[in-house]
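Structure first, commentary second.
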Amino acid sequence: METTTIKVDGMTCGGCSGSVTRVLSEILGVDKAEVTLDPGQAVVAFDPAKVTREALCAAIDDAGFEAS
Ligand code: 9UX
């Protein structure tokens, strides 16, 4: 398992962070996602054999936010 911190821009309320948490949690290979509004970030524990950090960022972008 690997842990990465992804900066997430565009989250403005608890619904946003809840959405990002759900999107990340549903990805195969994600063990745990902790998303905070302030600071706007996601701390994700994932299995690098199953999913890449790039894929996590792409999923956040697809949900309407900006990952970096
Ligand atoms: Mo809050 Mo975010 O009303 O996608 S849920 S702004």
Side-chain angles (χ1 to χ4, degrees):
M1 207 60 65
E2 192 170 299
T3 301
T4 188
T5 299
I6 301 170
K7 183 170 179 278
V8 182
D9 288 317
M11 297 190 296
T12 55
C13 85
C16 295
S17 50
S19 297
V20 174
T21 303
R22 182 170 39 79
V23 161
L24 290 170
S25 299
E26 285 172 352
I27 297 172
L28 192 74
V30 171
D31 183 52
K32 188 170 72 172
E34 289 178 339
V35 184
T36 52
L37 269 184
D38 187 17
Q41 67 180 26
V43 179
V44 189
F46 67 104
D47 181 351
K50 293 184 178 158
V51 68
T52 62
R53 188 184 192 279
E54 279 61 43
L56 302 177
C57 290
I60 293 169
D61 288 342
D62 286 350
F65 304 98
E66 194 187 342
S68 61

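Remember, it's 1-based here, ligands and their atoms both numbered in the order they're listed.
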Checklist outcome for this item: Minimal heavy-atom distance between Gly10 and Cys16, with the atoms involved, is O-SG, 4.5 Å

Item to check | Interfacing atoms of ligand 1 (cut-off 4.0 Å, heavy-atom, Gly15) | outcome: 5 (S)

Item to check | Enumerated ligand 1 atoms positioned under 4.0 Å from heavy atoms of Phe65 | outcome: 4 (O)

Checklist entry - Among Gly10, Gly18, Gly14, Cys13, which residue places a heavy atom closest to atom 3 (O) of ligand 1? => result Cys13

Next on the checklist: What protein heavy atom lies closest to atom 6 (S) of ligand 1? Include the residue and the distance to one decimal.
Outcome noted: Thr12 OG1, 3.1 Å

Item to check | Ile60-Val30 co-clustered via ILVMFWY side chain contacts under 4.5 Å | outcome: yes

Item to check | Nearest-contact summary for atom 2 (Mo) of ligand 1 - protein heavy atom, Å | outcome: Cys16 SG, 1.9 Å

Item to check | Test item: Arg53 side-chain N/O and Thr5 main-chain N/O as donor-acceptor pair under 3.5 Å | outcome: yes

Item to check | Option among Thr36, Leu37, Thr12 that satisfies the side-chain contact (heavy atoms from CB on, under 4.5 Å) test with Ser17 | outcome: Leu37

Checklist entry - Is the backbone of Ala67 close enough, under 3.5 Å, to the side chain of Asp61 for a donor and an acceptor to pair up by distance? => result yes

